[in-house]
Amino acid sequence: MTSDPRPALLRAALAAAECGWPVFPLRPGDKRPAGHGEAACPRTGRCTDIHLTPERRATTDRGLIGRCWGDTPYNVGIATGPARLVVIDLDLPKDDPDTPPGEWAQPGVYDGADVLALLAERHGQPMPVNTRTVRTASGGSHLYFTAPPGKTLRSSGGRLGWKVDVRAWGGYVVGPHSTVGGRPYTVLNPRLPAPLPAWLGDLIAPPAALRPTARTVLERRVVHTNAYTAKALHGELEKVLGAGEGGRNRAVYMAAYALARFVTTGDLTEQAVVDALTDAGCATGLPAGECRTAIRSGLTRGSQRAAGRTAVPAAGGASKGRRPKAALLGSDPQQPTIPAPTGSRSAA
């Protein structure tokens, strides 16, 4: 005999509300919001003045939550923007042909967790895993963070990298104890959400308006170069400026790697290379901070190559076979946690 899922889902919705996270109902066994969409809005009841999106309908009112989940086994949607949450969604490949594209096609990169680990490595930061973590129905992970004060971060798909999505304003996540396709969302690490790391916030924030930067302007910033050096610089700037989305970071890195030998010989100053590649990278839409990180890494490795210490560039330095998502399973016993809803389903 199948048990009634309504009590556990009600407790899960109330537990989220207790944290100050507004919730709204999702269709039973589904990720999609319950109720009507904007195109079918009757403009009555709560929608009399304006169609209420799920983000607008989300509530922490215990009475409303009780009446909603008491009758129907709705899954739990958490409105991340109003909850002041930023959730990093680390997904898995859908099938064998679903492989990393462009700059992410490196040894040891198999899924969203590996991409996040590579991003952290590129920025000289630890893998940000010591926070509230939920395993999704597909086997991926949701990392919960508190949103930084003074910033309005929006949801995005793929801005951080392959299989890495962001849920913030304009989005939502399926809450724990919901079930999709017969598989539950389960809490792996129950601690309170940690503050969003600043370097991640910088990557998520929309880029500032970019001024157009002509190639000739970039090249004039580098003076006292011979014809061979100028040609090399021109070629690397062309590669950066022509890089498409998904390959821009690697293009900046590889340009810095290639130009490092001219810095070593004294034909170019390091500052001139940094300035020119930063301008070129920003002109393609990369944040300045990400440009500088890629340049610094490329110059360091390129200088080592020039000195005979290494010969193979490896943007980010991913090691073969690394499986960083194992760290997602851990929980720091010294950190405060969010109690599981009393009587809810145990983790699968």
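Any value given below was found using the heavy atoms of this structure, including those in side chains, with hydrogens, waters and symmetry copies removed. Everything numeric here is computed off the predicted structure, so don't read it as measured data.
Proximity of D267 to Y228: side-chain heavy atoms (C-beta onward) are nowhere separated by under 4.5 Å. Taking the side chain as every heavy atom from C-beta outward, R57 and P33 approach each other to under 4.5 Å. Contact of the L116 side chain with the L143 side chain is registered, since non-hydrogen atoms from C-beta on lie closer than 4.5 Å. Between V166 and L153, every side-chain heavy-atom pair lies at or beyond the 4.5 Å cut-off. Residues V180 and T136 have side chains not in contact (no heavy-atom distance under 4.5 Å, counting atoms from C-beta outward). Within the 4.5 Å cutoff, no side-chain heavy atoms of Y253 are placed close to those of R122. Put simply, the side chain of P22 reaches to within 4.5 Å of the side chain of T60, judged on heavy atoms.
The minimum heavy-atom distance linking Y144 with V174 is given by the pair OH-O, 4.3 Å. T133 and S141 get closest at one heavy-atom pair: CG2-CB, 4.3 Å. Residues L237 and A276 come closest through the heavy atom pair CD2-O, 3.9 Å. Looking at every heavy atom in both residues, R159 comes nearest to S156 through CB-OG, 3.6 Å. L277 and V252 make their closest contact through CD1-O, 4.2 Å (heavy atoms, listed as atom of the first residue, atom of the second, distance). Contact detail for S138 and L92: the closest heavy-atom pair is O-CD1, 3.4 Å.
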Under 3.5 Å donor-acceptor pairs involving side-chain atoms of residues 71-81, not counting sequence neighbours:
from : atom 1 : to   : atom 2 : distance (Å)
N75  : OD1    : T179 : N      : 3.0
N75  : ND2    : D30  : O      : 3.0
N75  : ND2    : T179 : O      : 2.9
T80  : OG1    : A168 : N      : 3.4
T80  : OG1    : A168 : O      : 2.6
T80  : OG1    : G171 : O      : 3.1

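In the hydrophobic clustering of this structure, L203 does not group with W169; members are Ile, Leu, Val, Met, Phe, Trp, Tyr whose side-chain heavy atoms approach within less than 4.5 Å, directly or through other members. Connection of L196 to W199 is established within a shared hydrophobic cluster, with ILVMFWY side chains joined at heavy-atom distances below 4.5 Å, either directly or through further cluster members. Both I204 and M127 are members of a single hydrophobic cluster when ILVMFWY side chains are connected at heavy-atom separations under 4.5 Å. Cluster annotation: W21 is not connected to L64 through the hydrophobic network of ILVMFWY side chains, with a link wherever side-chain heavy atoms come within less than 4.5 Å.
Of the possible donor and acceptor atoms, none in the side chain of D111 sits under 3.5 Å from a partner among the backbone N and O of D91. Side-chain N or O atoms of R32 include none that pairs as donor or acceptor with a backbone N or O of R27 at under 3.5 Å. The main-chain N or O of T293 is never found under 3.5 Å from a side-chain atom of S297 such that the two would form a donor-acceptor pair. At distances below 3.5 Å, not a single donor-acceptor pair connects side-chain atoms of R135 with backbone N or O atoms of T186. A donor-acceptor contact shorter than 3.5 Å is absent between the side chain of R11 and the backbone of R6. Using modelled atom types, no side-chain atom of R132 and backbone atom of P193 make a donor-acceptor pair closer than 3.5 Å.
Applying the ring-ring contact (aromatic ring centres under 6.0 Å, His included) rule to pairs touching residues 282-301 yields nothing, sequence neighbours excluded.
For K151, the NZ atom sits in a packed shell: over 12 heavy atoms of surrounding residues, nucleotides or ligands are nearer than 6.0 Å. The neighbour count for R56 CZ, taken as heavy atoms of other residues, nucleotides or ligands under 6.0 Å away, does not exceed 12. For D96, the CG atom counts as loosely surrounded, since its 6.0 Å shell holds 12 or fewer non-hydrogen atoms of other residues, nucleotides or ligands.
Taking 4.0 Å as the cut-off between side-chain N and carboxylate O, D98 and K163 count as a salt-bridged pair.
Remark: L259 CG to T264 OG1 distance equals 11.0 Å, nearest 0.5 Å.
Between Y172 and F24, the ring planes lie perpendicular to each other; the angle is over 60°, past the 30° to 60° tilted range.
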